[in-house]
2 protein chains.
Amino acid sequence: MEHAERLLAAAGELFYRQGVRAVGMDEVRAASGVSLKRLYQCFPSKEALVVAWLERRDEQWMSSLTSYVRERGDRVEAVFEWLERWFGEDGFRGCGFLNAYGELGATSEAVAEVVRRHKRRLRDLLRELAGDDDALAEQLFILVEGATVTAMVDPGRAAATARAAGRAARALTSPHQD
Amino acid sequence: MEHAERLLAAAGELFYRQGVRAVGMDEVRAASGVSLKRLYQCFPSKEALVVAWLERRDEQWMSSLTSYVRERGDRVEAVFEWLERWFGEDGFRGCGFLNAYGELGATSEAVAEVVRRHKRRLRDLLRELAGDDDALAEQLFILVEGATVTAMVDPGRAAATARAAGRAARALTSPHQD
DNA sequence: TTGAACGGAGAACGATCGTTCTCTATGCTA
DNA sequence: TAGCATAGAGAACGATCGTTCTCCGTTCAA
């Protein structure tokens, strides 16, 4: 359906930029150009819209990161190059999943579940890039998460943050080589 | 004033557990036992209450972490031992500052500012523990932030997350010694 | 040309929000 | 005892929320 896509794009932009609870359904209607009646035909509640947004964001975010690192020979460093680009995008405001979890995770189990699923997928990708080294993958995951929230709070130094995390990743991946 | 402390304790618990916007002022009144009239005498608006909560939390959180590492000879590893304890506390739900920033940072400049100030203080402490090595301090900061949000989303593995971050910190601090 | 199904605009609804106001009881001062 | 300031309980207010409903114009089959 055409309308669902317009709704998800408009709602996602608003949710990400302002936080979920700060955005009313009428604001989604105005930004998407889809009538309120059809909005509720596509998504029976605001919670359903939020969950659908996060699922779509998971697919797009993971697919963008995955194809970037695939094109660069599955090197771990490519993850942090990709992060640096992402942090520099207009309107970057941290991890939409972590923000949604902090805001709604205690209230909505459906939101908490889709966030955990996204983080599991990210961890799986990092484990694969780490050659199935679970301990290293966990450290890389922590670096990615830490760099992302740090870049959110201090966007002026976001590029430096991504590079610092990338250097840490390199040191952890090849601890005896520098 | 006695009432302000009761209000901050009750409101902080609610804000941290449920998210700020999910908590109404009447809920704060009920949990604190302070009348609505006096609540607004102590804090002229909800935003003022939120900011005061974050400032108090900054003092308590930083002072708890600082005294813990001081008692252990200012070792960097002590930071991650402290994190592991924190993650295991009842009701742990990640970093209250990051959660507040994600929820309100785009709306309230006062909230954004107090969060940035708290993160600056944490970074300053880590820089001191890192012997004024800025690059190392930045990596330690990223590890602390990453471990905290990871522990929020997956509390069942929070202790393992803290230890993984601690091992990464050790490797980065003494890269040629293991 | 008629009529029935549909869709959009937006009014309406009940709930809840942050904030203020009213009312009454209490205690203190003269 | 009389009068006044104060405080708490909670009603009230206007705004806004998520959600539903009403109205009216359009489309298309017969």
Side-chain angles (χ1 to χ4, degrees), chain A residues 1-56 96 99-100 102-112 114, chain B residues 1-55 99-100 102-112 114:
Chain A
M1 188 172 298
E2 155 87 19
H3 294 105
E5 194 57 31
R6 295 232 307 277
L7 284 165
L8 288 174
E13 171 76 16
L14 293 168
F15 289 159
Y16 179 66
R17 177 158 28 184
Q18 310 181 34
V20 173
R21 298 186 93 121
V23 176
M25 294 298 265
D26 198 67
E27 205 171 344
V28 173
R29 177 203 57 78
S32 64
V34 174
S35 76
L36 219 44
K37 184 192 276 187
R38 215 200 281 278
L39 197 172
Y40 276 93
Q41 283 172 0
C42 293
F43 304 100
S45 68
K46 187 179 186 183
E47 188 186 33
L49 178 62
V50 171
V51 169
W53 159 54
L54 291 174
E55 275 166 353
R56 194 186 83 130
N99 293 347
E103 190 175 359
L104 307 170
T107 299
S108 163
E109 184 52 37
V111 168
V114 65
Chain B
M1 189 173 297
E2 155 86 20
H3 294 106
E5 194 57 30
R6 295 232 308 276
L7 284 165
L8 289 174
E13 171 76 17
L14 292 168
F15 290 159
Y16 179 66
R17 177 157 28 183
Q18 310 180 35
V20 173
R21 298 186 94 119
V23 176
M25 293 298 263
D26 198 66
E27 205 172 342
V28 173
R29 176 203 56 79
S32 65
V34 174
S35 76
L36 219 44
K37 183 192 279 185
R38 214 200 280 278
L39 196 172
Y40 276 93
Q41 283 172 359
C42 293
F43 304 100
S45 68
K46 187 180 185 181
E47 188 186 34
L49 178 62
V50 171
V51 168
W53 159 55
L54 291 173
E55 275 166 354
N99 292 346
E103 189 176 358
L104 307 170
T107 299
S108 163
E109 184 51 37
V111 168
V114 64

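Just so it is clear: chains get the letters A, B, ... in the order the sequence lines come, proteins before strands, and each one is counted from 1. Please read all numbers here as calculations on a predicted model, not as lab measurements.
- Between A:R38 and the phosphate of C:dG8, there is a side-chain N or O to OP1/OP2 separation shorter than 4.0 Å.
- Rounded to whole Å, atom C1' of C:dG8 lies 16 Å from atom CD of A:E2.
- Residues A:K46 and A:F15 meet the side-chain proximity criterion, which asks for heavy atoms closer than 4.5 Å.
- Between A:K37 and A:V23, the residue whose closest nucleotide on DNA chain D is further toward the 5' end is A:V23.
- When the P atom of D:dA7 is taken as reference, atom NE2 of B:H3 falls 9 Å away, rounded to whole Å.
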Trace of the side-chain contact (heavy atoms from CB on, under 4.5 Å) decision for B:L14 with B:E27: CA-CA 8 Å; B:L14 292 168; B:E27 205 172 342; 4.1 Å; yes

Stepwise side-chain contact (heavy atoms from CB on, under 4.5 Å) test for B:H3 and B:Q41: CA-CA 10 Å; B:H3 294 106; B:Q41 283 172 359; over 6 Å; no

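- In the interface, the side chain of B:K46 is not paired with the base of C:dG18 through any donor and acceptor atom under 3.5 Å apart.
- Between the CZ atom of B:R29 and the P atom of C:dC21 there is a distance of 19 Å, rounded to whole Å.
- Nearest nucleotide to the side chain of B:M25, out of D:dG8, D:dT19, C:dT19: C:dT19.
- Rounded to an integer number of Å, the gap from A:L39 CG to D:dT20 P is 12 Å.
- The separation between A:D26 atom CG and C:dA9 atom P is 11 Å, rounded to whole Å.
- With rounding to whole Å, B:L7 atom CG is found 15 Å from C:dG18 atom C1'.
- Taking atom CG of A:L36 as the reference point, atom C1' of C:dC13 lies 13 Å away to the nearest angstrom.
- B:V23 places none of its side-chain heavy atoms less than 4.5 Å from the side chain of B:R17.
- Between B:L104 atom CG and C:dG18 atom P the separation is 11 Å, expressed in whole Å.
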